Amino acid sequence: MNEELKKPFNPIEHENLIYKKWEESGFFNPDVCVAKGVTKAEADYFSIVLPPPNVTGTLHTGHALMLAIQDIMVRYNRMLKKRTLWIPGTDHAAISTESVVVKQLSKENKNKHELGREEFLNKVKDFTQKSHDTIVVQLKKMGASLDWSREAFTLDEKREEAVYTTFEKMYNDGLIYRGYRIVNWDPKGQTTVSDDEVEHQPKKAKLYYFKYDKDFPITIATTRPETKLGDTAVAVNPDDSRYKKYIGKTIEVNFVGVPLSIKIIEDKEVDPEFGTGALGVTPSHSQIDWQMADRHKLEKIQIINEYAKVMVDHPDYKDKKVEEVRKIIVDKLREQNLLEKEEEIDHNISVSQRTGAVIEPLPKLQWFIDVNRPFKIKGDNIKGQAFSKGSTTTLKILMSEVVSNNQIKIIPERFKKVYAEWLTNLHDWCISRQIWYGHRIPVWYRGEEAKISKKSPGEDWEQDPDTLDTWFSSGLWTFSTLGWPENTDDLKNYHPTSILETGHDILFFWVARMILMSVYILGEIPFKEVYLHGMILDKNGKKMSKSNPETAVDPLLTIEKYGADALRMAMIVGVGPGSNNSLSEDKIKAYKHFANKIWNIARFVLENCQGQSFEVGAVQGLSLATPENNAHLEKFDGLIKEVTDDMENYRFYLAAEKLYHYTWHTFADIIIEESKTKIKEGGEKAESTKNMLGFLLKEQLKLLHPFMPFITEKIWSLLPNTENLLMIESWPSRK
RNA sequence: GCGCGCUUAGCUCAGUUGGUAGAGCAAUUCGUUUACACCGAAAAGGUCGGGGGUUCAAAUCCCUCAGCGCGCACCA
């Protein structure tokens, strides 16, 4: 017997070597599998993209979960002999990455403007290269069977080509436009952010009731008195009889020393129940007020700047922060006896998800994707009568339909509703960011002229300084990684991808954007199914993440201690799609014990079954098969059926648990225990039993391989008649 | 305000189409002449959040209430 088997199983001794063996075999690449006859050229395909981790740091345990699930899918499908492709890559994560590097600079008392755009970007490049290299090591340690020959980066040259081509097409179709309107401004990050990057936090606030001046007839209520410096109207509901007589009038007021011209208007958006039922309209600093101003042709005065400071030319306010001005104004109103009431209310403040800064709504000239503008569909691959090639639709309708009609199936299904709800609230997507790291907007200006171009159209042209939202490039991921805009074989062979596996927290950010881009650019869905996993929680139920150092766990430390196989099993067993997972060290330890159990099973079988072929099927044809052994084989057949069924329906958590129980409590505790006496007795019964043990071990390794690839591959290599790697064996089929 | 999820053994959670409950860890008892103490055997532990309904039968389906968590919207 092999000397290695005599020691207890020690994962770190084997895992790196095994991964190297897999890589060298080339079988992670489906082209190699076809060339070497492992898969048939005309076989079905299974393709999946790795959600590209951000190059802002290293992987955490949450990533380990997604890798475990995806690798299980990939290895299972590879064993079904499909042409199986799993594409690796990383995401430049524009804002996150830039803010990490900016923070590092500030520790050295520097800022990016001192460095200049080019040097700053070089710094970012150094940083991201290091992150990337760490991430690649981590991916390999987890056992991820990714096709490294196809590795991509959202900001590399090929993806740049895809981004440019997309931008140009959308611009020419009128789906990308430049517009002046209220955006979510992050004063800390000094950039706009999209609606989805804004979080709402509950907070107690004061609602102030007052009049602009003593002669003004109507009391208004607001939580932000400082913005009233930019008011141009007071709006009331058309059905509100209290204010009827004032409608249409324009009243000149002196609001805390600042002259304003206030028009009284009626608008059905005003809630007569809230405050006094009269709303001070601030067109430049509120989304709703901006729209009202458009409807009523009101003047729009910007009074707050990008640094959240007041711009009004008055010595008491100019260049002071909004909070400070608020206090000053409230004090003045009180002195002038204009403040009628202060009411404590619960409300939500908008905060930038990335920087934590309070969002300041500001009017700005930005680039948007129009989700409601009609355009013609390119392809013929989207189901539904309204969607044949050349018909007219909008991005919003398309995004909605492909999910509601189940062309794209979401698992678990409840997220279908969440997705639909998001779509009903979807506005045009602001895609320009005032940061340096990312895809630069390919538009050049000369005076009033604008041109789309990759390179400068001439000497006096200047490129738009802004970059694109990081999700613009990741939205292209399913096809930009397959070679688009070139019409490659990969694109023909592997798109739409079979499934997308990711966390439910990026359903809107990423999944929705990929659907948008793919249906628009290719006229086909990006993936047939979406499997959403939950969040990893620590044992106190807190979300594990980089931003929470108390709970962040480097998966490499866990792997070193318990092995990747144990970590994978601990993440999978008992965790259904979409549900959160409290991962405890005890659970991981339990599966390390399981790995050791398998190891010892292999030792027992190899010691006792020398001379046996271990050949699949050898038992079935054996005349000396005993009724008891046949019963065991029949039971195993049932296991294959159940596990296969679970795999097909994405019930990995059940499949893994069943395999665990079978191996430990049926194979080891019953079959092996029984075999001891039979083998001692010798004769035909003993031979039959030995034959069965070898057969069952080999088949179990196959079933366990997607879940615990390392140890199963290692043991496989120690068995007789195993010239091929286990990773390219066929998944057991039921007789 | 709208929507979603969760509530099962001390802890963390499974329970796939309804057939009166399972795992890991912890705790109890016993066992070590070698596959494995990272082990084996045995026993213990639950009115499946409360209430109501459908059914021959409900942890599972329906209604309702409560607690916890999440998403979205509003936010003058």
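The sequence lines fix the lettering, A, B, ..., with proteins before strands; numbering per chain opens at 1. It should be emphasised that the depicted structure is a prediction, and the values quoted were computed from it without experimental measurement.
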Among [options], which nucleotide has an atom closest to any side-chain atom of [X]?
X: A/His347; options: B/G15, B/A35, B/C75; value: B/C75
X: A/Ala590; options: B/C38, B/G24, B/A41; value: B/G24
X: A/Asn348; options: B/G15, B/A35, B/A73; value: B/A73
X: A/Glu607; options: B/A35, B/G24, B/A14; value: B/A35
X: A/Lys417; options: B/A14, B/G3, B/A35; value: B/G3

From [atom1] of [X] over to [atom2] of [N], roughly how many Å is that when rounded to an integer?
X: A/Ile359; N: B/C75; atom1: CD1; atom2: P; value: 16 Å
X: A/His593; N: B/G24; atom1: NE2; atom2: P; value: 12 Å
X: A/Tyr419; N: B/G3; atom1: OH; atom2: C1'; value: 18 Å
X: A/Lys203; N: B/C74; atom1: NZ; atom2: P; value: 20 Å
X: A/Trp599; N: B/C39; atom1: CH2; atom2: P; value: 17 Å
X: A/Leu654; N: B/A14; atom1: CG; atom2: C1'; value: 7 Å
X: A/Leu426; N: B/A73; atom1: CG; atom2: P; value: 10 Å
X: A/Ile588; N: B/C13; atom1: CD1; atom2: P; value: 15 Å

Opposite nucleotide pairing with [N], Watson-Crick or G-U, both atom distances under 3.5 Å:
N: B/C38; value: none
N: B/G24; value: B/C11
N: B/G67; value: B/C6

Output yes when at least one side-chain N/O atom of [X] is less than 4.0 Å from OP1 or OP2 of [N], else no.
X: A/Ser579; N: B/A14; result: yes
X: A/Lys204; N: B/C75; result: no
X: A/Lys589; N: B/G24; result: no
X: A/Tyr653; N: B/G15; result: yes

Distance between the [atom1] atoms of [N] and [M], in whole angstroms?
N: B/U60; M: B/G15; atom1: C1'; answer: 9 Å
N: B/A44; M: B/G50; atom1: C1'; answer: 28 Å
N: B/A21; M: B/U47; atom1: C1'; answer: 13 Å
N: B/A26; M: B/C13; atom1: C1'; answer: 15 Å
N: B/U12; M: B/U7; atom1: C1'; answer: 14 Å
N: B/A41; M: B/U8; atom1: C1'; answer: 27 Å
N: B/U20; M: B/A58; atom1: C1'; answer: 9 Å
N: B/U55; M: B/A73; atom1: C1'; answer: 41 Å

Under 4.0 angstrom, heavy atoms only, what part of the nucleic acid is A/Lys228 near: base, sugar-phosphate, or nothing?
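No contact.
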Using a cut-off of 4.0 Å on non-hydrogen atoms, how would the nucleic acid contact of A/Asp346 be classed: base, sugar-phosphate, or nothing?
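Here A/Asp346 touches no strand at all.
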A/Asp186/A/Arg354 ion pair, N-O < 4.0 Å
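Judged by the 4.0 Å cut-off on N to carboxylate O distance, A/Asp186 and A/Arg354 do not form a salt bridge.
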Does the ring centre of A/Phe652 sit less than 6.0 Å away from the ring centre of A/Phe707?
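Centroid separation for A/Phe707 and A/Phe652: 6.0 Å or greater.
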Centroid separation A/His14 to A/Trp599 less than 6.0 Å:
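Close enough - the centres of the two rings lie under 6.0 Å apart.
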Considering only heavy atoms and no angle criterion, is a donor-acceptor pair shorter than 3.5 Å present between the side chain of A/Glu673 and the base of B/A41?
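Not at all, since no donor on one side and acceptor on the other fall under 3.5 Å apart.
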Does a sphere of radius 6.0 Å around NZ in A/Lys635 hold more than 12 heavy atoms from other residues, nucleotides or ligands, not counting ones at 6.0 Å or beyond?
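Result for NZ/A/Lys635: open.
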Could you tell me whether A/Lys332 atom NZ has more than 12 heavy atoms of other residues or ligands within 6.0 Å of it?
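Yes, NZ of A/Lys332 has more than 12 neighbouring heavy atoms, counting only those of other groups under 6.0 Å.
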With sequence neighbours left out, what residues match A/Thr227 under side-chain hydrogen bond (donor to acceptor under 3.5 Å, both in side chains)?
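So A/Thr227 forms no side-chain hydrogen bond (donor to acceptor under 3.5 Å, both in side chains) with any residue.
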Nucleotides 67-72 of chain B: protein proximity per nucleotide (B base, S sugar-phosphate only, - neither; heavy atom, under 4.0 Å):
----BB
Counting only N and O atoms by type, is there a donor-acceptor contact under 3.5 Å from the side chain of A/Asn237 to the main-chain atoms of A/Gly277?
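No, because the side chain of A/Asn237 does not come within donor-acceptor range (under 3.5 Å) of the backbone of A/Gly277.
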A/Tyr660: what forms a ring pair (Phe, Tyr, Trp, His ring centres under 6.0 Å) with it, not counting sequence neighbours?
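Checked A/Tyr660 against ring pair (Phe, Tyr, Trp, His ring centres under 6.0 Å); matches are A/Tyr591, A/Phe594, A/Trp664.
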Spacing of NZ belonging to A/Lys249 relative to CD1 belonging to A/Ile218, to within rounding of 0.5 Å:
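Nearest 0.5 Å value for the NZ-CD1 distance: 9.5 Å.
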